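Reading through the structure tokens given below for one structure.
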Protein chains: 2
Amino acid sequence: MTSTTSPRRKRDGSLRNDLIDAGVALLRERGADGLSLRECASKAGASHAAPGYHFKNLMGLSTAIAARGYRLFCEAMTQRLSEAGEDSFSRLEAICHGYLDYASAYPELFLFIFSGQKFNEGDEEFDTAARKAYGILRETCAPLVPAGSDPADLEILVWSLVHGYAHLTMTRKKENPELGLTWPELGSLMKHLERALQSRGSV
Amino acid sequence: MTSTTSPRRKRDGSLRNDLIDAGVALLRERGADGLSLRECASKAGASHAAPGYHFKNLMGLSTAIAARGYRLFCEAMTQRLSEAGEDSFSRLEAICHGYLDYASAYPELFLFIFSGQKFNEGDEEFDTAARKAYGILRETCAPLVPAGSDPADLEILVWSLVHGYAHLTMTRKKENPELGLTWPELGSLMKHLERALQSRGSV
DNA sequence: GCAATAACTTGACACTGTCAAGATAGCTCC
DNA sequence: GGAGCTATCTTGACAGTGTCAAGTTATTGC
């Protein structure tokens, strides 16, 4: 007569997506440490072990969240690229702006995917999203790579710069909302550094 | 008659340091996720709640480990600085090399202190160590800061670059031990980028 | 030697990830 | 339209975790 289970959700497969939504919300509310399978389940109105069915374990859920993070990251960059001209450097600046757009629109995902935390690298959804993000960088950098040098050198240079810059911008914005650096200033800084290198004759 | 407690350690206050040692070892063996108060206690031969006395909570232990990480980080940079000449750029290169030395000598601490994880910012030991590290960067950058610009701009530029570079070097070393970029290559890359900026007339 | 305090230990509780087993909703097939 | 089948969950259990309160003992100060 009385059923022993108390199903609250429709079994339509929508839970998987709801759990990712809940995870992103948790990241935003409590930071990376606050992410928990049980809390996500509760937030999505499911039982405590429900996430296990879709993601197997915590790393699985984290990986799914990171995959979404990378997809949104790609969207931010391609959006800026679509507005940019054809000049190679304009396009490089465009993806950098996309990077900053992403960091300010989804700070919790930005911090999460670049936290250094390990994800399931076998996961196809995650791999394609992450690879696509890096592919955008690679293609945008390609025309600027000096002949005979490893493309990865320029890629990591740009990646490091914009990442450190975004990180700084985020933390500074928190302390001082109206303050903000702009890319041209970075360009002039690099020019300055290069002058220092030249005067030293080491290049 | 029979004692209810079973003390195994001398109560000489050495536990605090042993717990930090255990924590560093755990980080090395199992990564940041493997760090746990109870495991550290067990590794140090103490009871499960002993760390609570010295560090109050997990963040307290993490902060103490990070403080040690920053101290070793400072040592690596000052070591290289002591061997460098007086030229401002040589000194900048020296702290970058120190950064790389540190990353390869203590990869687990390197990853830990720069993981983006929050530490107890009120902790005096941690604050002074972290501030000292940033002070070394600031002082070394100071002579190279363009007149009228915010010193923080150059600092974050250098910091981002060397961090991204160290990160790349670490991951590459794992795949391809004999491969390694050198700083001069980075310098020439920046020169190249600056030329691109100039030809565009945007600087 | 005695009291005070520092440096722990023990025990408990709530919470977590993860697994095994059960239940049921919705589909397919006859 | 009923019988099964399977995807999609729920329940229950267990070991591990952080953290607190209370007890115990070694060491110190007098």
Side-chain angles (χ1 to χ4, degrees), chain A residues 1-23 25-27 29-66 112 117-120 123, chain B residues 1-23 25-27 29-66 112 117-120 123:
Chain A
M1 244 29 110
T2 64
S3 63
T4 55
T5 60
S6 58
R8 314 200 170 170
R9 289 187 59 92
K10 289 208 261 178
R11 303 195 174 185
D12 56 355
S14 66
L15 177 59
R16 187 190 140 93
N17 218 51
D18 290 356
L19 286 170
I20 298 177
D21 287 343
L26 259 180
L27 283 181
E29 292 163 16
R30 309 192 203 171
D33 290 350
L35 188 67
S36 116
L37 288 173
R38 288 174 112 104
E39 190 71 25
C40 285
S42 155
K43 238 178 166 44
S47 71
H48 69 265
Y53 176 73
H54 289 284
F55 305 110
K56 185 163 192 175
N57 51 25
L58 179 58
M59 196 182 221
L61 174 59
S62 298
T63 301
I65 294 173
F112 190 61
Q117 167 174 161
K118 291 285 174 205
F119 300 116
N120 264 337
D123 185 272
Chain B
M1 261 4 124
T2 64
S3 64
T4 56
T5 61
S6 57
R8 315 203 169 166
R9 290 187 58 92
K10 288 208 263 180
R11 304 197 171 182
D12 56 355
S14 66
L15 177 58
R16 187 189 141 91
N17 217 51
D18 289 357
L19 286 170
I20 298 177
D21 287 343
L26 259 179
L27 283 181
E29 291 163 16
R30 309 192 202 170
D33 291 347
L35 188 65
S36 117
L37 287 173
R38 288 173 111 104
E39 190 71 25
C40 285
S42 155
K43 239 180 165 46
S47 71
H48 69 266
Y53 177 73
H54 289 285
F55 304 110
K56 186 164 192 175
N57 52 25
L58 180 58
M59 197 183 219
L61 174 60
S62 297
T63 301
I65 293 172
F112 190 61
Q117 165 175 162
K118 292 283 174 209
F119 300 115
N120 266 333
D123 185 89

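Here is how names work: the chains are called A, B, and so on, in the same order as the sequence lines, proteins then strands, and each is numbered from 1. What's counted below: heavy atoms across the whole structure, side chains too, no hydrogens, waters or symmetry copies. All figures in this text were calculated on a predicted structure; none of them were measured in a lab.
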I'd like to know if [X] reaches the base of [N] with its side chain, counting only an N/O donor and acceptor under 3.5 Å.
X	N	result
H48(B)	dG16(D)	no
R38(B)	dG16(D)	no
R16(A)	dT8(D)	no

Any donor-acceptor N/O pair, [X] side chain to [Y] backbone, under 3.5 Å:
X	Y	answer
T63(A)	M59(A)	yes
S62(B)	L58(B)	yes
N120(B)	D123(B)	no

Under 4.0 Å from OP1 or OP2 of dG17(C): is there any side-chain N or O of S36(A) that close?
yes
So, is Y53(A) near the phosphate of dT8(D), with a side-chain N or O under 4.0 Å from OP1 or OP2?
yes
Using heavy atoms to find the nearest nucleotide of DNA chain D for S14(A) and N57(B) separately, return the residue whose nucleotide is more 5′.
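Its nucleotide being nearer the 5' end, the pick is S14(A).
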Give the rounded distance in Å between these two atoms: [atom1] of [X] and [atom2] of [N].
X	N	atom1	atom2	value
K56(B)	dA21(D)	NZ	P	10 Å
F55(A)	dA7(D)	CZ	P	17 Å
L37(B)	dC8(C)	CG	P	15 Å
L58(A)	dG16(D)	CG	P	18 Å
N17(B)	dC8(C)	CG	P	12 Å
D18(B)	dA7(C)	CG	P	14 Å
L15(B)	dT27(D)	CG	C1'	16 Å

Take E39(A) and S47(B), find for each the nucleotide of DNA chain C with the closest heavy atom, and name the residue whose nucleotide sits nearer the 5' end.
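Its nearest nucleotide being more 5', the pick is S47(B).
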What's the shortest heavy-atom distance between A44(B) and L15(B), and which atoms?
CB-CD1, 3.9 Å
Indicate the atoms forming the closest heavy-atom contact of F55(B) with R16(B), along with that distance.
CE2-NH1, 3.4 Å
